[in-house]
Amino acid sequence: MNYEAVIGLEIHCELKTKTKIFCGCATGFGAEQNTHVCPVCLGLPGVLPTINKRVVEFAIKAGLATNCEINKYSKFDRKNYYYPDLPKNWQTSQYDLPICEHGWVDIDTSEGKKRVRLTRIHMEEDAGKLVHSGTTIKDSISSDVDYNRTGVPLLEIVSEPDMHTAEEARVYMEKIKAIMEYIDVSNCRMEEGNLRADVNVSIRPEGTTELGTRTEMKNINSFKSLEDAINYEIERQTEVLEDGGHIVQETRTYDADRGITLSMRSKENAHDYRYMPEPDLPPIITSDETIEKYRAELPELPDARRARYEKDYGLGDYDAAMITSTRAMAEYYDAVIATGADPKLAANWMMSDLSKKLNEEGITIEKSPVDAQRLGEMIQLIMKDTISGKIAKKVFTEMWTNPDAPEKIVKDKGLVQITDTGAIESAVDAAIAANPKAVAEYQGGKKKAIGALVGQVMKATKGKANPQMVNKMLVEKLK
Ligand code: ADP
Ligand code: ZN
Ligand code: MG
């Protein structure tokens, strides 16, 4: 039997507010243990939380950017559970009246465009962190509790079970990341856990619509782990069913080193949490005016920017999608164009040589040693025919380790294109004289043979002759 996978994601997104959600403590990452704490976030008795208005603003903006309806009456609830990193023994979260509901985002996969629905976005506080003396809780003699992260604001973005492949899930999470970066509500540093997903996976016989029993993998914080964990889980569940077994609804962990998922505990249900309204916080009432004010403050979002690049700059769909896939890429692109560089050339360079170098070195575009200004200047040298596209590749490689202006590099390295007819002519004559076979072939009708002659001229001029001029002159002379 063939099975279809069904996947739904709960993405936790840490908000970049200066202070925590219910107190004035700082949110900064990497501070000394238990220095960003106060009676409120430590859950001491007799203190009252107050809501950080920025958190509500960011949540509403996130909802608007993902086509959600904003609930004008929303409230907080207590989700009760016991764990040492949770000093109050409940997490202040939202249950039945989340701030945003019924959204969607469009994603592009190798199979085409597709829409993923969002069930809801709600606000909640993060828990603290256990710092084990060993590597895991099991092999540790003791564990410290660090409450710095307790009360850091989170959005939980819950999707409908609309995805069916690991790729769809990855692209969806990339899209959510891009949107949160564009609207500037989160740093989205996955390695720091700013963005992490609980991944729900089930399978069902192809062609059926009833949902199968799901397993959930918690706190996945890289795109690679996301895909690997899903693929592993689909395979595992398929094997269980094929062997006549049944899937147990449970929480599993993904062990990235071993590439497998492991059973952690049976899954808790909502009633296990004894959700109850939070009596210490007033409901959040939002007016149309406020919603419209936040809507007006939203920047251009990835889909709109992509459409604009296609329309205004004539970029292909794929290139426009790639360049707008992160805010940093789009901003880099705009900065290259702002120098006066041709938009299509700029896109080509970003998609080819620049991406390749960044991938090779495993760095993001913000850290590129060739910044937008210098790439723009280099592209203008191509536009002015100072260098050919081929020489530009050499210049670009040099620029990677040499901080000089491209114009200076071209001069210092003697890479200026030869457009002097006399100099090209002597190289052309020499190539014709030295290659009678290619000449004969060309004149006998094999037009492709000219390539060998062009190659000779380029070699003799160390790639600096203007290729169009060489071609033209050869055609003339061989008539
Ligand atoms: P929780 O996991 O906190 O109990 P929900 O029941 O709302 O919360 O489900 C959370 C996520 O699991 C959602 O993203 C939803 O789309 C997804 N999901 C629910 N049922 C299934 C299923 N049978 N297979 C795959 N994903 C599912
Ligand atoms: Zn505090
Ligand atoms: Mg869940």
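As a basis for the values below, the full set of heavy atoms in this structure was taken, side chains included, without hydrogen atoms, waters or symmetry mates. Read the numbers this way: they start at 1 and go in the same order the structure lists the ligands and their atoms. Remember, it's a predicted structure, so these values are computed and weren't measured experimentally. By convention here, the first residue in the shown sequence is residue 1.
Classified by interplanar angle (parallel below 30°, tilted 30° to 60°, perpendicular above 60°), the ring pair Tyr275/Tyr273 is perpendicular. Between Phe76 and Phe22, the ring-plane angle classifies as perpendicular under the 30° and 60° cut-offs.
Counting heavy atoms from C-beta outward, Tyr95 and Met276 have side chains that stay 4.5 Å or more apart.
For the pair SG of Cys38 and SG of Cys41, the angle whose vertex sits at the Zn ion (ligand 2) is 110° to 10 degrees. To the nearest 10 degrees, the Zn ion (ligand 2) sees SG of Cys25 and SG of Cys23 at an angle of 110°.
In terms of polar-atom proximity, defined here as any N/O pair under 3.5 Å, Ser159 does make such a contact with ligand 1. For ligand 1, the polar-atom distance check against Gly212 finds a nitrogen or oxygen pair separated by under 3.5 Å. In terms of N/O distances under 3.5 Å, ligand 1 is approached by Pro161.
Here the rule is side chain to side chain donor-acceptor pair (under 3.5 Å) with Thr215, and of Gln237, Gln249, Arg252 only Gln237 fits it.
Taking a cut-off of under 4.0 Å to the non-hydrogen atoms of Ser202, the atoms of ligand 1 that pass are 22 (C), 23 (N), 24 (N), 25 (C). Taking every non-hydrogen atom of Leu9 and a distance limit under 4.0 Å, the qualifying atoms of ligand 1 come out as 14 (O). Below 4.0 Å from some heavy atom of Glu10 lie the following atoms of ligand 1, by number and element: 1 (P), 2 (O), 3 (O), 8 (O), 10 (C), 11 (C). Of all atoms in ligand 1, listed by their number and element, those nearer than 4.0 Å to a heavy atom of Glu160 are 16 (O). Close approach of ligand 1 to Val158 (heavy-atom distance below 4.0 Å) involves ligand atoms 13 (C), 14 (O).
Contact annotation for Asn200 and ligand 1: heavy atoms of both the backbone and the side chain come within less than 4.0 Å of the ligand.
Note: Tyr309 and Tyr333 meet the aromatic proximity criterion, with ring centroids under 6.0 Å apart.
Salt bridge present: Lys72 and Asp288 bring a charged side-chain N and a carboxylate O closer than 4.0 Å. Between Glu181 and Lys177, at least one side-chain nitrogen of the basic residue sits less than 4.0 Å from a carboxylate oxygen of the acidic one, meeting the salt-bridge criterion.
In this structure, of Glu216, Arg214, His164, Glu156, the residue bringing a heavy atom nearest to atom 20 (N) of ligand 1 is Arg214.
Taking a 6.0 Å sphere around CD of Glu32, one finds it holds 12 or fewer heavy atoms contributed by other residues, nucleotides or ligands.
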